[in-house]
Every structure is written in structure tokens, then in C-alpha cells.
Amino acid sequence: MLTSEQFEQLLPLAAKWAKEQENYIFQNGVFLSKEQRKDAELILVEHPEKIKLLKVNVIPLPKNPSLKAIAEATGLITPQTIGLTLRYGIFIRSDYWNQKEIITHELVHVSQYERLGGIFQFLQKYLKECIEMGYPQAPMEQEAINKAKKICRE
């Protein structure tokens, strides 16, 4: 589907797009509620005070045709996508806005961004896992699913 060379060429474009989207969320989003900050602390997010959420009707796709095609082909961003984390900026689809498990899941991704050292490093690992193993089976995605379920059960 995607060669290593193609992946390496698209990665900087994906990181640039992610940073632009994070900035957009910072300008238009809202900070976490008290309860959401507590969840972020349980997940060991280092800087929950930096996180902003933005309610959207549809998660935006990259305009770059190559990035858009990969996002759709891997299932990372589709009309069914509920949430998308771009370091400290999180898009949440409006019909899922108050669902704790969705937001908690996305907060796990924030902790992964922090743990890996930033946008480029996160995308390098996360996208590679999603492309090689499939989006829902990727270890980082499974970590987010499992931690969110555990926190929401407690």
C-alpha cells in the first residue's frame, strides 16, 4: 500500500498538518473541565493544563491529496471518526461531545505524544503501526482503548 520511502516523504507533511490543526484547536477550543483534568492526571498526562477540546460536526481531513488518501485508506480519518488528537489539541465530534470514554481515549493519545517527544515522533510510530497492523489493532490504539475502558469503569 505505502512504501517506506513514501511514508518517510509524507511524514513531515502529516506533522505540519497536525501542528496547524493543533493551533486551530488552541484558537477555537475550550480547556478541559475539572473532571476531565482529573482523568488526564490518572492517565499521567504531564501537562493537562495545555489541552484544549474543539467540538466539530466532522473531523477535518488534510487538504493535501496524498495525506487525505492515506487518512481515508487506513481508516484514521473518515466521516465516522469520533475524535482526533493532535498533541494538546483534540477534535471531538459534536454528537460525542460529552462522552467520557471518548475524551478519556483521546487523553491517552495526549500522554503518548508526551511520552514519545512530540508530534513528529508520535506520528512516526502511530502511523507506522496503523499502516502495518491496521488502525484498530495498532498497539498504541489498543493502549488508548484499554486505558479509557479501565478509567471509565472505576
Inter- and intrachain pairs under ring pair (Phe, Tyr, Trp, His ring centres under 6.0 Å), touching residues 120-154, at least two apart: H109-Y126, Y113-F122, F122-Y126

Cluster question for you: counting only ILVMFWY and a side-chain heavy-atom cut-off of under 4.5 Å, with indirect links fine, are V58 and L54 together? no

Are L13 and Y24 co-members of a hydrophobic cluster defined by side-chain heavy atoms under 4.5 Å apart? yes

Would you check if the side chain of Q21 reaches a backbone N or O of L86 as a donor-acceptor pair within less than 3.5 Å? no

Tell me, do E141 and H105 make a side-chain contact under 4.5 Å, heavy atoms counted? yes

A144 versus Q112, closest heavy-atom pair with distance: N-NE2, 4.3 Å

Closest approach of P139 and M133, non-hydrogen atoms and distance? CD-SD, 3.3 Å

Shortest non-hydrogen pair, A18 vs I119, comes out as CB-CG2, 3.8 Å

The reported gap from NZ in K147 to SG in C152 (rounded to nearest 0.5 angstrom) is 13.5 Å

Quick check on side chain to side chain donor-acceptor pair (under 3.5 Å): which of Q27, K52, R87 does E22 satisfy it with? R87

Can you tell which of L127, I145, L116 makes a side-chain contact (heavy atoms from CB on, under 4.5 Å) with M140? L116

Take atom NZ in K100; do more than 12 heavy atoms of anything else shown fall under 6.0 Å from it? yes

Does the side-chain contact (heavy atoms from CB on, under 4.5 Å) test come out yes or no for S111 and L44, once each step is laid out? CA-CA 7 Å; S111 73; L44 304 179; 5.8 Å; no

Search all heavy atoms of R93 against all heavy atoms of I59 and return the closest pair with its distance. N-CD1, 4.2 Å

Step by step, work out the side-chain contact (heavy atoms from CB on, under 4.5 Å) result for R153 and K149. CA-CA 6 Å; R153 276 194 305 252; K149 283 181 182 173; 4.1 Å; yes

Identify the heavy atoms of L61 and A71 that sit nearest to each other, and give their distance. CD2-CB, 4.0 Å

Give me the atom names and distance for the closest heavy-atom approach of K68 to P62. CB-O, 3.4 Å

Thinking salt bridges, do E143 and R115 make one under a 4.0 Å N-O criterion? yes

With a 6.0 Å cut-off (strictly less than), is the heavy-atom count around NZ of K125, excluding the residue itself, greater than 12? no

Validation row: T85, F91 side chains within 4.5 angstrom (heavy atoms): no

Using only atom types and a distance under 3.5 Å, with no angle test, would you say the side chain of Q142 pairs donor to acceptor with the backbone of P136? yes

Under the side-chain contact (heavy atoms from CB on, under 4.5 Å) rule, what do C130 and L76 come out as? Steps first, then yes or no, please. CA-CA 8 Å; C130 289; L76 289 173; 3.7 Å; yes

Could you verify whether a donor N or O on one side chain and an acceptor N or O on the other, from E101 and T104, lie under 3.5 Å apart? no

About how many Å separate CG of L67 and CH2 of W17, when rounded to the nearest 0.5 Å? 8.5 Å

Does a sphere of radius 6.0 Å around NZ in K19 hold more than 12 heavy atoms from other residues, nucleotides or ligands, not counting ones at 6.0 Å or beyond? yes

Heavy atoms from other residues, nucleotides or ligands near CG of D95 exceed 12 (cutoff 6.0 Å): yes

Would you sort out whether S33 and Q36 count as a side-chain hydrogen bond (donor to acceptor under 3.5 Å, both in side chains), showing the intermediate values? CA-CA 5 Å; S33 69; Q36 291 164 341; 3.3 Å; yes

Check this for me: does any side-chain nitrogen of one of E35 and K38 sit under 4.0 Å from a carboxylate oxygen of the other? no

Do the non-hydrogen side-chain atoms of E8 and Q124 ever get within less than 4.5 Å of each other? yes

Quick one: does E49's side chain get under 4.5 Å of R37's, heavy atoms only? yes

Any donor-acceptor N or O pair under 3.5 Å, side chains T78, Q80: yes

Give me the other members of the hydrophobic cluster that L42 sits in, counting Ile, Leu, Val, Met, Phe, Trp and Tyr linked by side-chain heavy atoms under 4.5 Å, directly or via other members. F26, V30, L32, I43, V45, I51, L53, I82, Y88, I90, I92, Y96, W97, I102, I103, L107, V108, V110, I151

